[in-house]
Amino acid sequence: MSEFARSSALAPFRIRNYRFQWPADLLTSWAFEMETLILGWYVLVETGSVLLLTVFASLSFVGTLIAPVFGVVGDRIGHRDLLAMMRAFYAAQAAILMTLALTGHLNPVYVLIIVAVMGLVRPSDLGVRGALVATIMPHDQLIGAISISRTTMDTAKFAGALSGAGLFAALGMGPAYIAIVGLYLVSTLLGLRVVAPSKPHPAGEPIDGAPLRSTLRDLREGVAYVWTTPRMRAAIWVAFLVNLTAYPLSNGLLPYVARDIYGTDQTGLGYLAASFALGSLVGSIALSLIGGIRVARLMIGSTMAWFATLLVFAQMQSMPAAIACLMLAGFMQSLAMISVAVILMRAASEHLRGRVMGVRMLAIYSLPLGLLAAGSLIGEIGFAATASLYAAAGLALMLAIVLHWRADLWNVNAPANAR
């Protein structure tokens with residue numbers, strides 16, 4: 001690797017705050033992936049129902065509806081403090097599941113209830129950490145910082161999936177959850193080492209004698225800000241689309257694919273999840289090493305390629321071929337989602353970043369809708385037909401987005417394509 005590439009990739013770590021936030025995000029992401037795999041497999045095996053599996057996966061995202069509120073709170077009290085409180089909450093919820101598993105009182109109903117409670121908070125984690133990265137990093141290092149931050153999720157999906165499957169298979173659910181609780185606690189402590197940046201005009205505080213602003217007013221301001229900025233609105237629609245039609249195939253339905261399509265166990269599920277994550281990790285690292293990118297064009301090309309790869313994945317009948325498809329899909333997914341984040345953070349004013357990322361997280365609400373619809377469709381027409389329908393619809397709708405916002409996304413001179 002050239003000296004330029006090394007310096008480009010490692011530049012964010014010269015910032016002290018980033019050296020604490022990155023490992024904190026990494027440990028949280030590892031815990032997320034371990035929980036998702038372990039609980040998804042548990043629900044599927046205990047109930048034998050793909051519909052309940054999709055209900056479980058959907059409950060993890062119920063909090064997307066209130067994600068903009070978390071954005072407002074982050075803008076008011078500071079993104080670091082909010083993130084620390086959220087991660088302490090994850091640790092408490094995981095400790096409850098650990099206790100139930102170790103005492104033999106765990107059942108699918110308890111899992112669904114706890115996941116629903118956790119799902120009120122967890123969807124906002126990505127948005128809050130993104131807003132904090134944008135706040136602590138210089139503008140000229142934003143692409144690199146967001147790309148490297150993305151590796152926390154990518155390595156988690158890879159190593160977290162394998163380690164979660166391995167711990168679950170070897171030791172059982174209770175011991176595996178001891179490790180998960182530990183990851184959340186260490187993540188919380190590391191996050192508290194970040195020095196909270198000063199906010200020039202914090203939302204909700206009096207300015208020049210103005211009265212305290214209401215949460216609803218702050219929320220409306222954030223939504224209006226995104227809606228009246230074309231490149232931001234286009235990026236939100238892309239995020240909505242991929243959560244509706246792409247992520248259900250490569251994330252939530254993988255336990256069903258592993259067991260019912262390829263006839264494998266939780267270890268095979270770990271390999272499938274890890275292959276998507278490995279491709280995503282390579283994409284994140286590659287983007288952190290490359291400069292001068294037309295970000296909006298990259299978003300368009302990588303999203304279209306992602307859907308095309310999923311269309312091929314839907315036809316695969318062998319595990320090795322499916323793993324290869326998922327690796328390529330993960331690579332394209334990483335490029336697409338980093339591009340979306342960069343477009344939003346570059347366009348957002350500093351005192352509105354929390355609310356902008358809150359609106360971004362609201363787009364994730366389409367994921368549970370896509371999962372629930374897929375669960376019903378698979379029962380009627382099968383997985384291959386359902387996955388093909390989702391991927392083809394994604395391609396068509398992405399083309400419609402590009403045509404509608406072509407001046408803001410494809411034009412070389414558009415702000416979204418600034419190098």
Discussion item. Among V109, I113, N107, V115, exactly one meets side-chain contact (heavy atoms from CB on, under 4.5 Å) together with V111. Which residue is that?
Written reply: V115
Response to the item:
For M98 and G174 the tightest heavy-atom approach is CG-O, 4.0 Å
What residues, two or more places apart in sequence or in another chain, satisfy side chain to side chain contact (heavy atoms under 4.5 Å, CB included) together with [X]?
| X | value |
| --- | --- |
| A336 | S302, T303, W306 |
| A391 | L310, L311 |
| L389 | L377 |
| L44 | L53, P255, R259 |

Quick one: do the [X] and [Y] side chains pair a donor with an acceptor below 3.5 Å?
| X | Y | result |
| --- | --- | --- |
| R122 | T36 | yes |
| S388 | Q315 | yes |
| Q333 | Y247 | yes |

Worksheet item: Does the side-chain contact (heavy atoms from CB on, under 4.5 Å) test come out yes or no for I338 and S334, once each step is laid out?
Response: CA-CA 6 Å; I338 291 172; S334 180; 3.7 Å; yes
Item to complete: Before accepting this row, confirm whether a basic side-chain N of the pair D81/R76 lies closer than 4.0 Å to the acidic partner's carboxylate O.
Response: no
Practice prompt. Return the set of residues passing ring pair (Phe, Tyr, Trp, His ring centres under 6.0 Å) with F313 (not counting sequence neighbours), or none when no residue passes.
Written response: none
Worksheet item: Partners of F383 by ring pair (Phe, Tyr, Trp, His ring centres under 6.0 Å), sequence neighbours excluded?
Response: none
Worksheet item: Counting only N and O atoms by type, is there a donor-acceptor contact under 3.5 Å from the side chain of Y390 to the main-chain atoms of G370?
Response: yes
Practice prompt. If the plane angle is over 60° it's perpendicular, under 30° parallel, otherwise tilted; pick one for Y184 and Y90.
Written response: tilted
